[in-house]
Amino acid sequence: MGKAKIKLDKDLMDKVKKYSKIAGYSSPEEFITHCLEKEIAKLEESNSEDEIKKKLKGLGYIS
Amino acid sequence: MWIFNSAFGKIFKLIFFPFRGMNPWVGMILISFLTALLMLFVFRFSSNQEGIRRVKNKIKAHLLELRLFKDSLSLSFKAQRNIFRYNLKYISYSAKPLLVMIIPLILILIQLNLWFGYEPLVPGQETILKVELEEGRSPLDIDLALEPSAGFDIQTLPLRIEEESEIDWRLRAREKGVHDLTFIVNGQRLTKKVAVAQKPLSKISPMKVRRSFINELINPGESPLPRDLPIKTIRVKYPAKDMNLFGWNIPWLLGIPPWLIVYFVLSIILGFVFKGIFKVEI
Amino acid sequence: MNHIDRREFIKLGLAAGSILALGSSDLTIKAFGKRETPQKVLVLGLDGIDPHLLQVWMREGKLPYFQMLARQGDFIPLITSIPPQSPVAWSNFITGTNPGGHGIFDFIHRDPERYFPEFSASETTEAKKTVRIGKLVLPLSGGNVKNMRKGRAFWQILEDYDIPATVFKIPANYPPVATKQRTISGMGTPDILGSYGIFNYYTTETKELKEDIGGGRIHPVNVIANKVEARIPGPVNTYKKDRPESSIEFKVFIDPVNPVAKISIQDHEFILKEGEWSSWKRIHFRMIPTQSVSGICMFYLKQARPNFKLYVSPININPGQAALPISTPKRYAEELEKRFGPFFTKGLPADTKALDNDVLDDGEFLEQDNLVLRERLNIFDYELARFSSGLLFYYVSSTDQRQHMFWRLIDKEHPSYDPGLAKKYGNTIENIYKEMDKLLAKAMEKVDKDTVLIVMSDHGFSPFRRSFNLNTWLKESGYHTLINPWKQGREDLFLNTNWSRTKAYSFGLNSLYINQKGREAEGIVKPGAEKEALVREIAHELEDFRDPKTGERPVLRAYIAKDVYQGPYVEEAPDIIVGYNHGYRTSWAAPLGRIPKEIVEDNTEKWSGDHCMAPEVIPGILLTNRKIKVKSPALYDLTPTILQIFGIEIPKEIIGKPIF
């Protein structure tokens with residue numbers, strides 16, 4: 001798999017470094033990858049899946 | 001205006017007096033019958049009865065013509081034109097009695113709304129009391145107090161809505177009867193009626209308005225508010241009255257309340273039933 | 001008032017967030033059984049009443065009528081279902097079988113093709129044929145809501161013999177199965193969104209906002225000129241091409257000083273004081289000019305100032321104009337609505353989610369559940385008064401809901417125990433038992449010598465102190481493999497699972513499935529000997545596992561479906577049913593396929609009592625006014641008992657045996 005580089009401004013990169021540690025990621029790359037994946041998943045996730053999840057969550061037994 | 005309202009209102013009170021304890025349909029049928037009589041009477045004496053009879057005969061004749069000569073295009077066309085012409089004439093003949101009727105009818109409708117438009121509160125029921133101030137008048141500045149009474153509980157502190165120049169309370173009906181809500185505004189005492197658990201047919205005045213011809217004409221149920229106070233209206237919210245026909249609640253149609261639908265339908269039917277007896281040509 | 005709403009051209013169904021047209025229902029049926037029976041049966045179904053607690057309070061003389069009944073007849077623990085979840089347990093009672101005979105194995109089933117969770121109780125399908133006119137989509141054929149429970153209900157069998165029955169809110173009967181009997185659905189009945197219940201909460205307090213809370217939507221609002229404008233989201237409008245969410249706008253006017261507010265929504269206008277509940281409000285979501293969906297909701301003004309906080313209950317189906325089938329005949333719900341006004345129709349009515357998420361506090365939750373209880377008791381009086389023949393079944397949910405939420409205040413060992421709150425609300429559970437004693441008093445007054453009285457619960461209760469991440473255990477034991485180990489615990493629905501290297505997984509509250517070749521989409525375990533061996537191995541290891549913190553065994557028994565189920569639906573069962581020990585339950589994350597890092601964690605939620613354990617841990621109760629002749633009766637024994645009382649031959653599908 002090829003890898004691409006992304007430019008981030010320094011302030012943000014510092015924050016990423018700091019919070020990736022706090023949040024328990026093993027590297028800033030992992031943290032960024034996860035954040036992006038999460039955002040993309042939100043856009044990709046089909047409505048029906050999201051809906052079903054929401055509906056089931058109304059059940060007191062789960063969260 | 002209040003003198004007129006008060007007197008005119010008494011007529012209805014008198015008419016409905018014996019029927020208050022009965023199903024509201026009894027009062028409704030009675031008033032529809034009286035309205036039908038009034039309409040027949042007005043028709044009889046304000047319209048050209050002879051003219052109407054003649055025009056109706058003409059229309060009948062041309063209708064017959066239309067059927068007899070349906071194969072002849074020119075004849076049936078002519079007949080149609082005549083039907084149309086006499087119809088216009090018929091309308092013009094009936095316009096006069098309708099014009100004569102219209103003002104009393106509106107006054108009657110306004111009165112009937114007080115009798116058939118609303119359901120009284122029942123003990124335990126909650127409602128909103130609304131005081132509407134002059135436009136632009138802040139409800140925070142006004143010196144207004146609501147006095148407690150045995151008939152109802154005042155359940156909330158005043159809710160003042162500046163944007164609407166309005167003050168609201170929540171009331172809970174406690175005892176049967178027509179109670180007075182007493183306000184003290186700038187040192188003056190004001191009262192507004194609240195009806196709780198009345199007879200099936202009873203007069204309910206939801207709104208008390210400031211003295212003015214139009215206001216009072218439309219809201220004739222109570223004496224008007226003095227003009228020197230900054231209050232425009234005092235209103236108690238009542239549930240709308242249902243007209244129940246063998247278990248079926250007559251619905252609202254295009255914003256027209258059930259009682260009005262019933263009233264129109266009944267008075268027209270009764271008008272047609274009795275026109276022969278009173279020899280009125282409609 | 002807009003009365004076009006009242007027309008019911010079609011029924012509306014809800015699936016996957018959608019509203020759709022259902023064909024006219026075959027549930028509207030004329031009358032119910034007419035036969036006058038000399039024998040009568042009155043069953044009180046008190047969800048979750050625990051034999052141990054009952055006995056303690058009976059002994060202390062706090063429950064005189066339970067005591068009296070036990071003396072007159074019998075009192076014995078009732079064997080519950082495997083697993084002891086309400087839909088499963090009540091299905092056992094309804095059909096006289098176990099899950100192998102009725103096909104309900106858990107609150108949540110799964111689609112093996114998609115590794116995706118599903119409601120077990122009902123299935124909604126949309127209209128198949130639609131016509132599109134501009135931006136409108138009009139349904140031509142009916143959609144459908146289907147009750148997934150198999151097997152015949154005992155009131156259907158009674159109907160065959162013309163014996164009348166009224167069945168009030170029995171769980172696991174949504175939509176109510178076709179019958180002429182009077183029935184109304186209970187647990188399993190969705191809200192108007194088709195969900196288990198989604199409340200709305202409007203607040204200016206932004207720090208309270210969590211992005212996504214289960215069972216509720218938080219709406220940040222602003223108070224501008226003492227006014228709040230907001231909307232209540234409704235069902236998806238399937239009449240429109242892009243299926244937008246419908247909604248109703250409302251306004252709240254707040255007094256500048258006094259803690260009162262006026263809410264104005266559609267044709268309602270009402271004033272609430274701070275800390276006050278409104279009555280039911282009927283609201284209508286407009287879809288197209290001739291179509292709307294009617295619902296009912298309650299408002300609670302939690303705070304007017306300094307922060308504005310308004311709670312709106314999940315929108316319940318309006319029993320007077322039910323958009324979905326909730327009763328048989330349809331007019332039964334309407335009849336009750338006419339007499340009592342709107343009432344809770346959603347399956348589990350009290351909003352435990354709002355309490356769990358601190359939207360309602362203990363006192364507020366109890367106020368809400370008191371409203372539920374009051375409604376129930378009123379309707380009970382009515383049904384009891386007209387009960388003169390056949391069978392009456394009456395159900396109470398508050399017993400279950402309060403034990404779930406308030407166990408932490410009677411259990412000092414619970415991680416959520418709070419001495420201050422315990423002082424104030426520690427007697428909540430005791431109080432609901434006392435309420436049930438009063439209910440029983442009324443029933444006993446009515447019962448004559450020809451009436452068999454059965455008081456029962458579907459399961460008991462146990463503390464839920466420690467939660468077991470079953471999927472994490474599977475992962476740690478080498479049965480479940482992740483794609484990215486660092487993502488562990490961050491994804492729901494097994495999105496991070498490498499199925500080609502996964503042998504087992506768990507969806508639902510007690511269900512464990514083998515990733516079986518030919519059944520699961522990416523199954524790897526061959527059915528037959530390989531699977532059998534694996535099932536036994538996992539079951540064995542599960543039972544052996546010890547909680548590192550307490551040294552206890554979280555799993556008391558892992559049941560193998562083939563060994564414990566009989567009937568035509570055994571094949572559909574999970575492979576292992578996990579029976580947790582006293583104090584343990586599956587975790588919050590596991591039922592929907594999230595895999596946290598710890599195997600066992602403290603349960604710090606308010607939801608602190610539970611029953612999704614091993615059945616041995618939490619039997620239900622059985623009290624009758626006759627002597628019970630069998631030693632250890634089970635839920636499915638009650639079904640043939642009822643049939644026997646009416647002299648009906650017991651169908652061979654029923655596995656239970658009469659108890660008298």
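Below, chains carry the letters A, B, ... as their sequence lines are ordered, and counting in each starts from 1.
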**Study point:** Interface moiety of Asp492(C) toward chain A, non-hydrogen atoms closer than 4.5 Å
**Key:** side chain
**Study point:** Pairwise distance CD1(Ile62(A)) to NZ(Lys353(C)) - rounded to 0.5 angstrom
**Key:** 6.5 Å
**Study point:** Nearest-0.5 Å distance, NZ of residue Lys487(C) to OH of residue Tyr25(A)
**Key:** 9.5 Å
Practice item. Go through the atoms of Phe464(C) and report whether side chain, backbone, both or neither lie under 4.5 Å from a heavy atom of chain A. Key: neither
Revision key, fill the gap. Closest non-hydrogen atoms of Leu509(C) and Tyr61(A), given as atom of the first, atom of the second and distance, are CD2-CB, 3.6 Å
Review point. For the atom pair CD1 (Ile108(C)) and CG (Leu59(A)), what is the distance rounded to the nearest 0.5 Å?
Key: 5.5 Å
**Study point:** Counterpart residues, side chain to side chain donor-acceptor pair (under 3.5 Å), relative to Ser246(C) (two or more places apart)
**Key:** none
Practice item. Can you measure from CG (Asn484(C)) to NE2 (His34(A)) and round to the nearest 0.5 angstrom? Key: 9.5 Å
Check your understanding: Picking from Asp610(C), Leu348(C), Thr352(C), which has the most non-hydrogen pairs under 4.5 angstrom with chain A?
Key -> Asp610(C)
Practice item. May I ask you to name which of Gln401(C), His611(C), Arg217(C) has the most heavy-atom pairs under 4.5 Å with chain A? Key: His611(C)
Exercise for review: Identify, with sequence neighbours excluded, every residue that meets side chain to side chain donor-acceptor pair (under 3.5 Å) alongside Asn471(C).
Suggested key: none
